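These numbers were taken from a predicted model, which means no experiment stands behind them. Side-chain atoms are counted along with the backbone in the values below, which use heavy atoms only and exclude waters and symmetry mates.
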Amino acid sequence: QVQLVESGGGLVQPGGSLRLSCAASGSIFSIDAMGWHRQAPGKERELVATITSGGSINHSDSVKGRFTISRDSAKNTVHLQMNSLKSEDTAVYYCNAHVVLTNTGPTFSYWGQGTQVTVSS
């Protein structure tokens with residue numbers, strides 16, 4: 001089994017910063033893409049940012065220039081540095097990883113339990 005554990009959420013004032021982290025553990029052969037999604041109350045889950053094993057990065061337009069995704073492949077971790085936070089960034093943030101379990105196996109998608117980010121004065 002594979003577990004993803006997020007940390008770093010909390011309450012921050014508008015304009016502030018937070019850094020989210022996600023660590024993957026378990027029976028992992030390798031990890032392809034890792035990423036962050038978020039879901040605000042009453043809204044659908046949306047993509048925030050992704051990073052592939054090769055280092056290709058994609059940020060959604062709503063966070064581009066404010067958020068930065070990074071990855072430590074040796075530690076199976078992914079981070080999301082969030083700067084200039086706005087009230088509309090308030091959501092539960094979920095980590096996602098596309099994990100290969102064996103050297104011949106397919107890729108499976110795993111999700112963390114989510115961490116709350118609240119931007120409010």
To the nearest 0.5 Å, atom OG1 of Thr90 lies from atom CG of Leu85 at 8.5 Å

Does the plane of the ring in Phe67 sit parallel, tilted or perpendicular to the ring in Tyr93? Use 30° and 60° as the thresholds. tilted

Nearest heavy-atom approach of Ser121 to Pro14 is N-CD, 3.7 Å

task: Kindly determine whether Thr118 and Ser120 satisfy side chain to side chain donor-acceptor pair (under 3.5 Å), including the steps that lead there.
output: CA-CA 6 Å; Thr118 302; Ser120 175; over 6 Å; no

* **Donor-acceptor pair, side chain of Arg19 and main chain of Met82, under 3.5 angstrom** => no

4.5 Å side-chain heavy-atom contact, Val117 and Leu20 = yes

Here the gap from Ser53 atom OG to His98 atom NE2, rounded to the nearest 0.5 Å, amounts to 11.5 Å

Under-4.0 Å salt bridge between Asp89 and Lys86 = no

d(Ile31 CD1, Thr52 OG1) to nearest 0.5 Å is 12.5 Å

Q. Cluster question for you: counting only ILVMFWY and a side-chain heavy-atom cut-off of under 4.5 Å, with indirect links fine, are Val48 and Ile57 together?
A. yes

Within a radius of less than 6.0 Å around CD of Gln1, do more than 12 heavy atoms belonging to other residues, nucleotides or ligands occur? no

Between the CG atom in Asn96 and the OG atom in Ser109, the distance rounded to the nearest 0.5 Å is 4.0 Å

(request) Please determine if Arg38 forms a cation-pi arrangement with Tyr94, meaning its NZ or CZ atom is less than 6.0 Å from the six-membered ring centre and no more than 45° off the ring axis. (result) no

**Q.** Hydrophobic cluster membership, Tyr110 vs Val92, 4.5 Å side-chain cutoff
**A.** no

Of all heavy-atom pairs linking Ile51 and Arg71, the shortest is O-NH1, 3.3 Å

Check your understanding: Are Val2 and Val100 connected in a single hydrophobic cluster, I mean Ile/Leu/Val/Met/Phe/Trp/Tyr linked by side-chain heavy atoms less than 4.5 Å apart?
Key -> no

- Query: How about His79 and Ser70: does a side-chain donor come under 3.5 Å of a side-chain acceptor?
  - Reply: no

Can any side-chain N or O of Arg66 pair as donor or acceptor with the backbone N or O of Ser84 at less than 3.5 Å?
-> yes

Are Val78 and Val5 connected in a single hydrophobic cluster, I mean Ile/Leu/Val/Met/Phe/Trp/Tyr linked by side-chain heavy atoms less than 4.5 Å apart?
no

Heavy-atom closest pair (Leu80 atom, Ala49 atom, distance to 0.1 Å) is CD1-CB, 4.3 Å

Correct closest heavy-atom pair for Gly114 and Glu6 would be N-OE1, 2.8 Å

All heavy atoms of Ser27 vs all of Leu101, minimum pair found to be O-CD2, 3.2 Å

message = As a quick check of understanding, evaluate side chain to side chain contact (heavy atoms under 4.5 Å, CB included) for Trp111 and Cys95, giving each step before the final call.
response = CA-CA 6 Å; Trp111 293 88; Cys95 174; over 6 Å; no

Scanning both residues in full, the closest heavy-atom pair of Gln81 with Ser17 reads NE2-CB, 4.0 Å

Report yes or no: do Val63 and Leu47 belong to one cluster of Ile/Leu/Val/Met/Phe/Trp/Tyr joined by side chain heavy-atom distances under 4.5 Å? no

Here the gap from Asn76 atom CG to Leu4 atom CG, rounded to the nearest 0.5 Å, amounts to 9.5 Å

